[in-house]
J.: 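The following block contains the structure, expressed as structure tokens.
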Protein chains: 2
Amino acid sequence: MGNIDGIEVIGLIAAVLTTAAFLPQVYHTRKSKDVSGLSFPMLLMFFVGVTLWLIYGFYKDSPALIFANSITIVSVCLLIIFKVRYHNRKR
Amino acid sequence: MGNIDGIEVIGLIAAVLTTAAFLPQVYHTRKSKDVSGLSFPMLLMFFVGVTLWLIYGFYKDSPALIFANSITIVSVCLLIIFKVRYHNRKR
């Protein structure tokens, strides 16, 4: 992995901003237990996409991509868990 | 810009999956005109983040990042426009 240079700082700020913008969704869903707006195929698609971004980040030697997508994978997994749990609960 | 090799294909699939997962949100918001769940500071944060990702993508010589974030910038701009328009309309 290369040194953390100027462009990696930009990448890491980008990573923090876009992952941080995603966290309120996780919090909101956990609080409200309202998963009606979350589509399961969409969540799975997003999960696969983020996993591929992570693999891509390793190949591109990009700390920012690895950092951002590791956190996002956790967020997406939480949303999938909420979706399954609260979806069943409502029936 | 380098050739589109194997890892770029992975990156581009990742880009398609994660940007495609974002489009239903734009469509849903446009249809429902319900912007109550969209926070303005969060949208701005996301906009800045995606812009920085785009800059990062150019520096990292990454077609996948440039492609994904160009489309996402348009999506975020649409959401910001919807937020402003439908927020005012409700008052």
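Given the structure is predicted, the values throughout are model-derived calculations rather than measurements. Worth knowing before you read on, the calculation uses all heavy atoms, side chains too, and leaves out hydrogens, waters and symmetry mates.
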J.: Ala15(A), Ala20(A), Ser39(A), Pro24(A): which one forms the most heavy-atom pairs within less than 4.5 Å of chain B?
T.: Ala15(A)
J.: For the candidates Gly49(A), Gly11(A), Ala14(A), which exhibits the highest count of non-hydrogen atom pairs separated by less than 4.5 Å from chain B?
T.: Ala14(A)
J.: Indicate the atoms forming the closest heavy-atom contact of Phe47(A) with Ile73(A), along with that distance.
T.: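 Looking at all heavy atoms of both residues, the closest pair is CE1-CG2, 4.2 Å.
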J.: Checking Leu17(A) against Phe46(B) for the side chain to side chain contact (heavy atoms under 4.5 Å, CB included) test, could you report, in this order, the C-alpha distance in whole Å, the side-chain angles of both residues, the deciding distance, and whether it holds?
T.: CA-CA 6 Å; Leu17(A) 287 173; Phe46(B) 205 66; over 6 Å; no
J.: For chain B, which candidate among Thr51(A), Leu52(A), Leu43(A) shows the most heavy-atom pairs at distances under 4.5 Å?
T.: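 Of the options given, most contacts go to Leu52(A).
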J.: Rounded to the nearest 0.5 Å, what's the gap from CD on Glu8(A) to OH on Tyr59(B)? Could you check?
T.: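 That separation rounds to 12.5 Å.
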J.: Heavy-atom distance under 4.5 Å to chain B: side chain of Leu65(A), backbone, both or neither?
T.: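 Interface part for Leu65(A): both.
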J.: Nearest heavy-atom pair of Leu23(A) and Ser75(A): which atoms, and what distance?
T.: CD2-OG, 3.7 Å
